[in-house]
Protein chains: 2
Amino acid sequence: MPKVGMEPVRRKALVDAAMRVIGDHGSLTVTMSEIAKQAGVSPALAHHYFGSKEQLLIETVRVHLQRLRDSVVTALRAAKTPREKLSAVIRVSFQADQFAPETIAAWLAFYAEAQSSEETRRFLVIYARRLHSNLVANLKALCRAGDAERIAEGAAAMIDGLYIRQSLRSAPISTEASIALTEDYLTTCLNALED
Amino acid sequence: MPKVGMEPVRRKALVDAAMRVIGDHGSLTVTMSEIAKQAGVSPALAHHYFGSKEQLLIETVRVHLQRLRDSVVTALRAAKTPREKLSAVIRVSFQADQFAPETIAAWLAFYAEAQSSEETRRFLVIYARRLHSNLVANLKALCRAGDAERIAEGAAAMIDGLYIRQSLRSAPISTEASIALTEDYLTTCLNALED
DNA sequence: TTTTATTGATTGATCAGTCAATCAAAAATA
DNA sequence: TATTTTTGATTGACTGATCAATCAATAAAA
């Protein structure tokens, strides 16, 4: 079996497996055995490639955020006007794979982990800043800087809040309803400023 | 040392200790030893009174939510008009002890735990429902039922979102700013309906 | 004496991490 | 081409640490 060049394949498989296990489990207290089993390799191999469980989990967060970032970049490129770009950011935040229960569970676990892992915290701060600055940049084309900051804070909080409420799976809100609610917030705020 | 009637004293001490340890630690992966030590008793005693770690943690969530509930009830009683009651609900959500970093860390840990503990999930669902219905009930006095539902969803999401963003401790938002942002959301939404 | 409070010592399970050994492809050499 | 050597991939078995949970023993009140 042993072919050369397995490293990237295994690393990806293990990171994907970690995401799945974390999502199912709904927590970062997962074992290397579970992850390795899910990836179809031995626990020892996971250690061989990642050195430690912590490193594997950190890499998992990193990859996850990278993918989200890519989606955002793509969506922003497709949108023309500032208003369209705002909608694009919102839409990506709630797109199917992001809003799936397992993904939400994983996000929540990452946020909790950030309390004790400085590196995880750093990644999430970067995500939060990026979301914020994407919103502010486009809002500034539509209103004054001060208002843009305030509205962006509100919109970002609403997006994150819709996530966390979704995680409880009580009275789940549909993707469309979540998008509508956030869009509505933006529209209402912007309209209010024009009067 | 052994006096009679220590049970309620110890239970309270252990639950308080659990809150503190969870808050410091920023996660529910705390040991019975840590909690017991913080409460100044032996780990064995914690087991004696709670039977298991899980039960102690569940009781901790319960007590925590109970306290929040009490604050809300008190604040609601003091407020007269529906609009004042809405402000009261918002104010309590962000009041000093609720918005302290350790408290937020604990909340986050509870949300994460809810993914795997049915009982924890149930408690948090009750909290979410209560927040929602408090908002809806008072909004209905100010606008139509459909709008009340929608605005309540948005406000609740914004409150939770401000919490989770606070947990990252990057660009922390002050209590006053958080209250202002949520108040502003309500006011803007209600004004928009009147036009 | 009986009951309640309390603990130290212990057990059993779980896991992260290590290590020596194996296997097969690739590279070097004859 | 055939043979040997090297190297990457992989694992089973093991270790050490941690921790929840148990229990028998002790001490003080009732």
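Heavy-atom basis, side chains included; hydrogens, waters and symmetry copies ignored. Per chain, numbering begins at 1; letters A, B, ... match sequence-line order.
A straight line from NZ of A:K53 to P of C:dC15 spans 8 Å, rounded to a whole angstrom. One atom, CG of B:L57, and another, C1' of D:dC19, lie 14 Å apart when rounded to the nearest Å. The NE2-P distance, from A:H48 to D:dT11, rounds to 11 Å in whole Å. What separates CD of B:E7 from P of C:dT3 is a distance of 17 Å, to the nearest Å. One interatomic measurement links the two molecules: CG of B:L28 to C1' of D:dA20, which rounds to 16 Å at whole-angstrom precision. Separating the OH atom of B:Y49 from the P atom of C:dT4 is a distance of 10 Å, rounded to the nearest angstrom. The distance from atom CD of B:Q55 to atom P of D:dT22 is 13 Å, rounded to the nearest whole Å. Summarising the geometry, the separation between CZ on B:R11 and P on C:dT4 is reported as 15 Å, rounded to the nearest angstrom.
Residue contacts for A:V9: at a heavy-atom cut-off of 4.0 Å it reaches no nucleic acid atom on any strand shown. A:F50 comes within 4.0 angstrom of no nucleic acid atom, judged by non-hydrogen atoms across all strands. Residue contacts shown for B:T31 are limited to sugar-phosphate atoms, with no base heavy atom under 4.0 Å away.
With D:dT11, D:dA20, D:dC23 as the candidates, the nucleotide lying closest to the side chain of A:S42 is D:dT11. Comparing atom distances between the A:L45 side chain and each of D:dC23, D:dT11, C:dA5 picks out D:dT11 as nearest. The side chain of B:A44 lies closest to D:dT22, out of D:dA9, D:dG12, D:dT22. Set against C:dA5, C:dT7, C:dA16, the side chain of A:M32 has C:dA16 as its closest nucleotide.
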side-chain contact (heavy atoms from CB on, under 4.5 Å) between B:I151 and B:Y185, intermediate numbers included: CA-CA 9 Å; B:I151 298 174; B:Y185 170 71; 4.1 Å; yes
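In this structure a side-chain-to-backbone donor-acceptor pair under 3.5 Å is present from B:K53 to B:V30.
Between the side chains of A:Q115 and B:S27, no donor N or O sits under 3.5 Å from an acceptor N or O. A:E149 and A:H132 are linked by a side-chain donor-acceptor pair at a separation below 3.5 angstrom, with hydrogens and angles left out of the test.
Using bins of under 30°, 30° to 60° and over 60° for the plane-to-plane angle, the ring pair B:F94/B:F99 lands in the perpendicular bin.
Note on A:R10: every side-chain N or O is 4.0 Å or more away from OP1 and OP2 of D:dG8.
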